[in-house]
Structures are given as C-alpha cells and as structure tokens.
Amino acid sequence: MTASVFFGCTFIAFGPAISLFLFTIARDPLRVIFLIAGAFFWLVSLLLSSLVWFIAVQISNKENASVQKGLLIFGVVLSVLLQETFRFGYYKLLKRANEGLMALSQEDAMPISIRQLAYVSGLGFGFMSGAFSVVNILADSLGPGTVGIHGDSQHYFVSSAFMTMAIILLHMFWGVVFFDACEKKRWWAVVIVVLSHLLVSCLSFLNPQYEGSLIPAYVVMCVMGMWAFSSAGGSLRNLKLCLTCRDKDFLLANHRPR
Amino acid sequence: MAENLANVLHEQLSEGFPDTHRNNSGEGADRRRVVEGVDQELNGQPPSARPSQRLESEEDEDEELTLKYGAKHVIMLFVPVTLCMVVVVATIKSVSFYTQKDGQLIYTPFPEDTETVGQRALNSILNAAIMISVIIVMTLLLVVLYKYRCYKVIHGWLIISSLLLLFFFSFIYLGEVFKTYNVGMDYITLALIIWNFGVVGMICIHWKGPLHLQQAYLIMISALMALVFIKYLPEWTAWLILAVISIYDLVAVLCPKGPLRMLVETAQERNEPIFPALIYSSTMVWLVNMADTDAESRKKPALNSTTPESQAAPSQSTQGPDDGGFTTDWELRQQETLGHMESSEETRRQVQEMPSARPPAIQSDDSEEMSVSGGGGSGLFHSQRGKASDWNWDWNTTLACFVAILIGLCLTLLLLAIFKKALPALPISITFGLVFYFATDNLVRPFMDQLALHQFYI
C-alpha cells in the first residue's frame, strides 16, 4: 500500500481531532494535562476490559470460532460499559479536585471550568480510543500487501479511518453531554449517552457492510454533536453571531477589534 | 495584583539560567526565560483575583500561581520527554544498528542467550546487581569528591564525558544513519559536521547559548545515551535494572543516610549552588569496548541524559547542591532504566532541585532537563521494547507507555507541589511504565488485534 493511503487515512482519522487540539487546547497547559489524564483513564478502562476478556478466552474453548466471536462481542460490550464508568469516575475526580482547589485558593473562579473539562476529557478519551483503533492499521498500510486479497473488503483502510474520526468526535460529544448531565443530575441523559455508545459499537459488528455501520455512526455523531452544542450553551443565535463575526464576547476573548 | 504576583515569582525564582548553563550563577544569568515565564504566568491569570487583604491575597495568589505555574512546568517537562522519545523510537525503527546484538558492556558480563530460563534469570539478576553496585560506587565517589572539594576532578570528568558523548557517539550515530539511507559522505565533510556539532554542543552545555539550542542538545544527548544503552544492555537485565534503580532512587532520596541526600545537605551547608560539573560529569560517555574505563564512564552515559537535566535544574533552583548529587545518580539510573527512568530522572532532579522550604520554583530549565531525561528514558523504554523483535512492534504499547510515563511525571510533580521537599522522581514513572508496558503487551494487544481483524470498534 502506498504512502498516499497512509497519509490520507491518517489525516481523515486524526485531522479534526488534531486541529481541535492545536487551536483550543495546545496553548493552555492545564487543558493539555487534563487531556492526557483523560487518555490515561480511557487506557485503564481498556486494560481492565482486556484483562477480563483475556481471562475468559483462556478458560474457554480456543478452537471454537463462534465461541471466540461471542467472547469478543462480550468484550466489546464490557469495554463500552467500563469506558463510560471510567468517564463517570473521571468526572467525580475532577469535581473533587476542583472543589479542593477552590477551597484552597478561596477564589471565585476556578482555573478551568467544568465545561472545558468535559470537552477536554472527552477529546482525551477520543484521542486514545482513536489511536488504539487505528495506529497499527496505519503502520501496516505503509508496508507491502494487497488489501482484501482473501475476498475481504477493499475499503478496509478508508473505512477504518472514517470510523475512527467518527469515534473521536463522538467521544468528545459524549464527554460534553455526559458531564453536563451529571452536573444537572439528569440521569436519563447519561443513560442515553451509554446507550448511544453501545449502539455505535454494536453497529460495528456489521462490518464489512459499511453502509450499516458507518452511516448510522455518522448520524449518531451529528445528533450528539447538536446535543453537545446546545448543552454547552450554544444556540442558533450564537452560531449566527459567531459565524458572521459579530459575537462580542468571543471577539473580546480573542483580543480582536470589531 | 500583577505587581504582587511578579514580586512573588521573582522571589521564588532564584536564577533564571539557561538549561544547559551549568557553570554557575555568576555567568550570565539568563533571566529571559524566567521573566517570560512570569509574564506568561501573569497573562494566564484570570482577572478575578482581588485580594482584600495583602497577606491573604498573596497566599491565594501563591496557590493559584502554583497551580498554573505547576501546570506550565509540567508541560515544559512533557515536550522534551515526548521529543526525546520520538527521536529514539524513530531511530530504532529506521536504523537497524541499534537493535543488533554486538556484545555487551563490561558491566553486564553475563550473557542472556542461555539454554534455560532459570540460567537467564540468574544471569540477568547478576548483571543488574553489578550495574547497581557500580552506580552506588559512582554516587559515593561523587559525594566524596564533592565533600573534599575536588572540584577540578569533577569538572574534568564532566568535560571529558560530554566531549566523548558529543563527538564520538554522534559520529557513530551519523555513520549508522548514513549507512541506513545509503548516503555517500566523505571524511572531510563529516569531520566538519561533527566538529561543528560537538563544539557548539560543548559551548551550549558548559557555557551559554540560545535556549532552544540548549534544549535541542539536551534532547539529542539523552537520545544518544538511550540508544547506547538499548544496544548494549540485554533485555531482562534492562528491565531488572529499571526496577532496581527505581527502588534505589526511593532509598537514596528519602533515607537520611542516602548519598544524594548527603550531597544535597553538604551543598546546602556550604551555601553553594549545585556544582554543574557534578551533574555533567556523571554523564561521561563511555564506550562499550573500553573495558578498562572505570565505572564512572559507564555511569556517565546514562547520567548524561539526566545530567543535563540535572544541571539545568540546579542552576534554576536555588537548591543547587541537592540536585547535583541526584542528578548524577539519577542520570545513571535513567540510562539504566531505558528511558523509563529518564523521565523519572528528570522529575527526580526537578524534585530534588526544589528547595524544601520553598514552593517549587520551577524554571524552564529544570523542566527542560527533566523532560530530556524523561524523554530519553521513555525512548530507552520503548526501544527496549522494540528491540526484541521488529515484527512484534506494537504501536499501541508504545502509546500506552508514553501516556503512562507522562502521567507518572504529572503525579510526581503533583507530589512535589504537595510535599515541597526532595522526592524521588523515578519510582512512579517507572512503575507506571512497567505496569502498562507488560499489561498492554500481554492483555490489550491480543484484544485489539482481534478487534481490528473483525473491524469492531469499542
């Protein structure tokens, strides 16, 4: 496979995430630290779920292919649930840390708001999730080989890249909605986030029928995106003001004259 | 309020030295970075602080400042660690020389390609024991030299080690890179390149130079050291050394009779800044085949990576002597630990550098050093991983170790901010790195491979 496949898939998968990182997170050291901490939490959740899966595989019948596939599906579901649990755990940790810092400094304003933390932690989860899904595939795309030589899909790399992009952005949206729901104690919203995550992961079982998995995943991503936008305080009015460069708060914050 | 903050910061920052400027306080204290740091800090502050009373507000500002400054410092550590790791991993993946087995160092005489697993384990334990005793002897020697004011010896040691590293190791590295990419090069051009690289490096490290150049040299030196250790330390020995160094670090820093602690106390008694040469000397580059060189040489390479960092740290922190002692030892350890340590080393240094009485006056230099060490360590760590088999290389494990090391660094700095005294920097990073390395390699890798095979997404 060629270098163009490698670069194309890398930019498809990580383009939006890296640009988000560069423009909104890279300047602020606190945000970078919380991003890495979010990535760490996702990693720990993955570790636990793979531990459980590994033990299950060891004690099961390794020859039976359908049992192995069933165990894999179980592993996916468990991993999704653990990820959301760790997201909740991260939320609790951040709340406690913020309260501690506030008490210590007796300041009114926290150095970083819970909404920024939601965004940053969601992106951290997304980065790690996307990276773990796709980096080995990208590395293999640089080497020799023929895609789908045994009759598998020809679009393996591109579909992986698109799915990864969707997953990264979804994690970010889920983070925002999740934290907001936890703040306002709206547990139905938390349940919907978990269910949508399960839905997207289970849709991936339909691969390589990419119409069945990619399109619904993007639909879910758009819906979650709009929900996250509105829960973060956005509205059509805000959007219009921002796009026509008339949003005074935004301009002030970025030191631009109007 | 801004003035208040500025005053607080300036008080805390002892000397704004360039990272590699190890030679003492007297020489061109470079306050630019410090001042820039202050300004940035001030700019980053929310305008909310309105201290009702001077004292309270100063304390609050201190806390707020500490948090933001601490975050900035952590990032200053992240960047060199990341860069160093990137350099080492890139080299390991492209230049096959560093993964070929060409013998072992004199300090690890027992071979690891034995018939039984038990024999291999025994050999690696013996190797690790020898290395650790070498490190301990070197540290004690350094402390003794410092105690009896043999500054010239230390200085000479430092110069020789940095000379060897900058000229000889980079010559070998460049040669291997040319071989890998089949680039034709004549000796005259090569001599010019190496000469310029080495001399500028010596100037930047021992005297003064632009900040970014110093940082770049630190990263390159750490990477070179890491690569040497990757090549010449056998696998199990390396893992064992990593773990043992972590424990030794804990002991040496926290025990009242630890050599590093004694060094720091001596330096504090004499009210001297940490001796730059001390730190640097530990990093003497040592050639593998120079069997008759002393343990120092061996140690030096390892230390090298850390030393620059250590040195940076001491110059920055007011607590100089502490760092000096640790740095050497630290660096050594870092080398030992294959990168993992490097991160810790740096952190350690940093930690050490922080005066117990003062809030960490983290200066960019310190971070630089720490990160460089950290980066080298991480690089070593990763390369050690990949050394085993190229076709078994898993980027997921690399990523996992990278994140684990960074989080270890964060936690170490957090502990430093909480306890405000010299703490060992290695243990947390090393432990995290080791745990995540083995866990990811053995548990996560088969899971993710199966998921990728079926294109399932979690």
Side-chain angles (χ1 to χ4, degrees), chain A residues 28-33 36-37 39-40 43-44 46-47 49-51 53-54 57 68-69 72-73 75-77 79-80 83 101 104-111 128-129 131-139 153 156 159-160 163-164 166-167 197 200-205 207-208 210 213 217, chain B residues 40 44-51 56-57 59-76 78 93 393-396 398-400 402-404 406-407 409-411 413-414 432 435-436 439-440 442-458:
Chain A
D28 189 345
L30 263 183
R31 290 183 196 170
V32 174
I33 292 171
I36 307 264
F40 180 72
L43 188 63
V44 176
L46 177 70
L47 217 77
S49 52
S50 17
L51 176 69
W53 174 83
F54 189 78
V57 162
Q68 294 303 310
K69 189 152 187 192
L72 199 63
I73 291 176
V76 169
V77 171
S79 178
V80 168
Q83 282 176 47
L101 280 171
L104 232 58
S105 68
Q106 291 161 355
E107 294 264 342
D108 287 333
M110 301 195 300
M128 232 20 203
S129 173
F132 265 65
S133 303
V134 96
V135 161
N136 276 330
I137 295 173
L138 288 175
S153 166
Y156 183 77
S159 64
S160 295
M163 192 67 185
T164 304
I167 292 275
H197 192 169
V200 171
S201 287
C202 293
L203 280 173
S204 71
F205 297 156
N207 281 333
Y210 300 123
S213 65
Chain B
Q40 261 177 302
Q45 296 280 334
S48 54
R50 283 177 307 277
E56 276 173 19
S57 63
E59 268 176 34
D60 294 347
E61 283 160 14
D62 263 0
E63 288 292 345
E64 181 78 19
L65 212 61
T66 309
L67 171 71
K68 292 213 164 177
Y69 205 37
K72 194 156 176 287
H73 199 65
V74 171
I75 297 301
M76 291 198 288
F78 277 9
K93 291 295 279 174
W393 182 276
D394 185 31
W395 288 97
N396 286 345
T398 310
L399 266 175
F402 170 65
V403 171
L406 288 184
I407 293 293
L409 262 176
C410 272
L411 282 175
L413 286 176
L414 188 70
F432 271 30
V435 165
F436 275 83
T440 311
N442 297 312
L443 299 173
V444 175
R445 210 220 287 208
F447 186 48
M448 294 308 292
D449 283 346
Q450 282 297 305
L451 289 178
L453 187 66
H454 297 279
Q455 247 184 328
F456 291 173
Y457 281 85
I458 51 170

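Computed over heavy atoms, backbone and side chain alike; hydrogens, waters and symmetry mates excluded. Below, read A as the first sequence line, B as the second, and so on, with proteins coming before strands; counting in each chain starts at 1. The shown structure was predicted, so the numbers you read here are calculated from the model rather than taken from an experiment.
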Where do A:F40 and B:F436 land on the ring pair (Phe, Tyr, Trp, His ring centres under 6.0 Å) test, with the steps shown first?
CA-CA 10 Å; A:F40 180 72; B:F436 275 83; 5.2 Å; yes
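- Note: A:L46 leads A:L46, A:I73, A:V80, A:D28 in heavy-atom pairs under 4.5 Å with chain B.
- Under the side-chain hydrogen bond (donor to acceptor under 3.5 Å, both in side chains) criterion, A:Y210 pairs with A:S159, B:Q455, not counting sequence neighbours.
- Rounding to the nearest 0.5 angstrom, the gap separating the CZ atom in B:F447 from the OG atom in A:S50 is 6.0 Å.
- Atom CZ of A:R31 is separated from atom CD1 of B:I75 by 12.0 Å, given to the nearest 0.5 angstrom.
- For the pair A:N207 (side chain) and B:F456 (backbone), a donor-acceptor distance under 3.5 Å is absent.
- Counting heavy-atom pairs closer than 4.5 Å to chain B, the top-ranked of the candidates A:S79, A:A217, A:S49 is A:S79.
- Chain B forms more heavy-atom pairs under 4.5 Å with one residue of A:I167, A:V32, A:L203, A:L72 than with any other, namely A:L72.
- Chain B forms the most heavy-atom pairs under 4.5 Å with one residue out of A:N136, A:L47, A:I137, and that residue is A:N136.
- With sequence neighbours excluded, the residues satisfying side-chain contact (heavy atoms from CB on, under 4.5 Å) with A:V57 are A:W53, A:K62, A:Q68, A:L71.
- Considering only heavy atoms from C-beta on, A:I33 comes within 4.5 Å of B:C410 through its side chain.
- We find the CG-CH2 distance between A:L138 and B:W395 to be 11.0 Å, quoted to the nearest 0.5 Å.
- A:S129 is not listed as a side-chain neighbour of B:Y457, based on a closest heavy-atom distance of 4.5 Å or more.
- No other option in B:V403, B:L451, B:I407, B:T440 has as many heavy-atom pairs under 4.5 Å with chain A as B:I407.
- We find the CD1-NE2 distance between B:I458 and A:H197 to be 7.5 Å, quoted to the nearest 0.5 Å.
- In terms of heavy-atom pairs under 4.5 Å with chain B, the best-connected choice from A:I36, A:V77, A:V135 is A:I36.
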